[in-house]
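FYI, side chains are in, hydrogens and waters are out, and symmetry mates aren't considered; it's all heavy atoms of this structure.
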Amino acid sequence: MQTSSLPPIDATHGAALQSWVMSANGHAQFPIQNLPMGVFDTGAGTRIGVAIGNEVLDLPAVLDAGLLASLDAATTAALRAPTLNDWMALCAAQRGLLRTALSDLLQPQTGAGGQASAIARRLLHPQDRCRMLLPADVGDYSDFYAGIHHATNAGKFFRPDMPLLPNYKHIPIAYHGRSSSIRPSGTAVRRPSGQISRATPGGAVPEYSASQRLDYELELAIWVGAGNELGEQIPVAEASAHIAGFGLFNDWSARDLQAWEYQPLGPFTGKNFMSSVSPWVVTQEALAPFRGPVMERAATDPKPLAYLCDEHDLRHGGLRIQLEVLLSTTRMREQGLDAHRLSIGDSRYLWWTPAQMLTQQTVGGCNARPGDLLGSGTISTPTPDGCGALLEITEGGKNPIHLASGESRTFLLDGDEITLRGWCEREGFARIGLGECRGRVQDRPT
Ligand code: CA
């Protein structure tokens, strides 16, 4: 059996690497060490590109120019597709060769390499003139619940007597979400309506209403790469090779709809009205320097069953991504105020690695497909400044947040905008970012 399906740290991660795209050098998100993949449109059609500094490199145009000639036919065809699904279907080795080729192309070269960069320079588009689309056609989406501090905090509101259910530390919990309503960052969010229960002395009485407790959830998007056949499993030791990359994910949640409907089958209309995902897929390869052990277990915690345990994954399969959530309201924007930081978080507080989640998804033989999306679950830290949802920050609406505009919030009002950000830093390596995932609650028509 393979001992590791995680990619190695190689020359493409060198901290000293520079690009001839000057804005990339020292860029907080997209230096040459990152090279995330996305789908963009400049008005001339939908194309796959790679982010470099403040630019997007048009990959079909690069192929048309005869650059990247070392790539095999499957990789070349995948880069000409209108979505990243075919790129995600490539094996890790093919993704790695593409990364090396892009890194070479974007580094200053002499001779023939210099001529290639002169050609590629004309195939850049400023990011602020590109409309970013959903990276893939998402066939299926599952939302996990791997943020243990969120699971504990949120569980208190729904089940004060037993916040963390007995199965939590044994099995990666998820529900199957709705892929049709996943939208790229920047898409407006419409406040959902539905059934809300009103407590009366005689018991709960449902009414139809717009949600009064609209919330966000800070999650990571895990993009599935090469899939598996129906009836087969993806073993945990191989699962990382089946993950193409990562992004930021906002699982918008209507807490009042959720509270009334979630038992016994789980989330439904309180979650399915929309989810937002960041447009850039930061590859499994780019994140190689930013891995670490799975979240530490106490001696009293159960050891997961063997099918979820691979020694290499337990030592290196955890992600080290810093996370931040910002809120701006209509009044704050009118007053020119900076967005309010709601939390600062860290992906190290995921109880399960992405590999363990994908293995659990397929343990019964469910077939995962390229472009499937796994949500990590809301990520919260053990301290109040790192809670990944308003449900936790305001303790179910009991403790409002006070903003510099003089406003306060318990849940989101119309016009409120939530921005998720993520980045990775490690001594000796260039900082890379996941970009951002933004969404504004649409003002209701007046
Ligand atoms: Ca969620």
Side-chain angles (χ1 to χ4, degrees), residues 7-84 86-87 90-132 135 244-245 279-283 285-286 288 429-433 435:
I9 295 174
D10 63 23
T12 64
H13 301 98
L17 287 188
Q18 298 270 299
S19 175
W20 48 261
V21 179
M22 297 309 287
S23 64
N25 301 324
H27 198 277
Q29 302 282 334
F30 308 128
I32 192 169
Q33 293 84 356
N34 193 347
L35 304 175
M37 305 287 288
V39 178
F40 72 102
D41 185 358
T42 57
T46 299
R47 305 167 80 82
I48 290 176
V50 62
I52 178 76
N54 296 330
E55 311 284 329
V56 180
L57 181 63
D58 181 335
L59 292 183
V62 168
L63 295 169
D64 288 344
L67 310 176
L68 300 177
S70 63
L71 301 177
D72 65 17
T75 306
T76 302
L79 297 180
R80 292 186 186 280
T83 66
L84 285 170
D86 290 347
W87 170 78
L90 299 173
C91 69
Q94 288 169 308
R95 281 202 313 269
L97 289 171
L98 172 61
R99 175 178 169 84
T100 302
L102 287 171
S103 179
D104 288 346
L105 177 63
L106 290 164
Q107 286 175 50
Q109 306 278 359
T110 53
Q115 289 162 16
S117 12
I119 296 167
R121 193 181 297 275
R122 299 198 292 271
L123 309 176
L124 296 169
H125 299 276
Q127 275 175 35
D128 56 13
R129 286 195 220 148
C130 297
R131 186 167 68 98
M132 296 305 299
W280 292 109
V281 178
V282 174
T283 63
E285 289 69 32
F429 290 89
R431 168 183 156 135
I432 65 170

When you look at CZ of Arg131, are more than 12 heavy atoms from neighbouring residues, nucleotides or ligands closer to it than 6.0 Å? no
If you take all heavy atoms of Thr42 and Cys130, which pair is closest and at what distance? CG2-SG, 3.9 Å
Holding to ring-ring contact (aromatic ring centres under 6.0 Å, His included), I want the full list of residues that pass it with His13, two or more places apart in sequence or in another chain. none
Got Leu35 and Ser103 here, is their nearest side-chain heavy-atom distance under 4.5 Å? yes
Just verifying a value: how many Å separate Leu105 CG and Ser117 OG, rounded to the nearest 0.5 Å? 7.0 Å
Which atom pair, heavy atoms only, marks the closest approach of Phe30 to Pro36? CD2-CG, 3.6 Å
Considering only heavy atoms from C-beta outward, does the side chain of Pro31 approach that of Ile432 to under 4.5 Å? yes
Heavy-atom side-chain contact between Val56 and Trp280 under 4.5 Å: yes
Euclidean distance, Gln107 CD relative to Thr12 OG1, rounded to 0.5 Å: 9.0 Å
Give, for atom CG of Asp128 and atom CD of Glu55, the distance between the pair rounded to the nearest 0.5 Å. 8.5 Å
Any donor-acceptor N/O pair, Ser19 side chain to Leu106 backbone, under 3.5 Å: yes
How about Leu57 and Val21: do any of their side-chain heavy atoms sit closer than 4.5 Å? no
Atom pairs and distances, side-chain donor-acceptor, residues 45-53, under 3.5 Å, sequence neighbours left out:
residue : atom : partner : partner atom : Å
Arg47   : NE   : Asp58   : OD1          : 2.9
Arg47   : NE   : Asp58   : OD2          : 2.7
Arg47   : NH2  : Asp58   : OD1          : 3.3

Shortest non-hydrogen contact from Leu68 to Ala101? CD2-CB, 3.7 Å
Apply the test side chain to side chain contact (heavy atoms under 4.5 Å, CB included) to residues Arg95 and Trp87: give CA-CA distance (whole Å), side-chain angles for both, the deciding distance (0.1 Å), then the verdict. CA-CA 8 Å; Arg95 281 202 313 269; Trp87 170 78; 3.6 Å; yes
Using a 4.5 Å cut-off on heavy atoms from C-beta on, say whether the side chain of Phe429 contacts that of Gln33. no
If you round to the nearest 0.5 Å, how far is CH2 of Trp20 from CD1 of Ile32? 9.0 Å
Inter-residue atom distance Asn34.CG - Leu102.CG, 0.5 Å rounding: 12.0 Å
Ignoring hydrogens, what is the shortest heavy-atom contact between Pro8 and Ala288? Give both atom names and the distance. O-CB, 3.6 Å
Interatomic distance, CG@Asp72 vs CG@Leu97, rounded to 0.5 Å, equals 7.5 Å
Do His27 and Asn54 touch side chain to side chain, with heavy atoms closer than 4.5 Å? yes
Between Arg431 and Ala28, is there a donor-acceptor pair closer than 3.5 Å when you use the side chain of the first and the backbone of the second? yes
Minimum heavy-atom distance Val39-Pro82, with the two atoms named: CG1-O, 3.5 Å
Is any side-chain heavy atom of Leu59 closer than 4.5 Å to a side-chain heavy atom of Leu63? no
Please name the pair of heavy atoms, one in Glu285 and one in Ala92, separated by the smallest distance, quoted to 0.1 Å. OE2-O, 3.9 Å
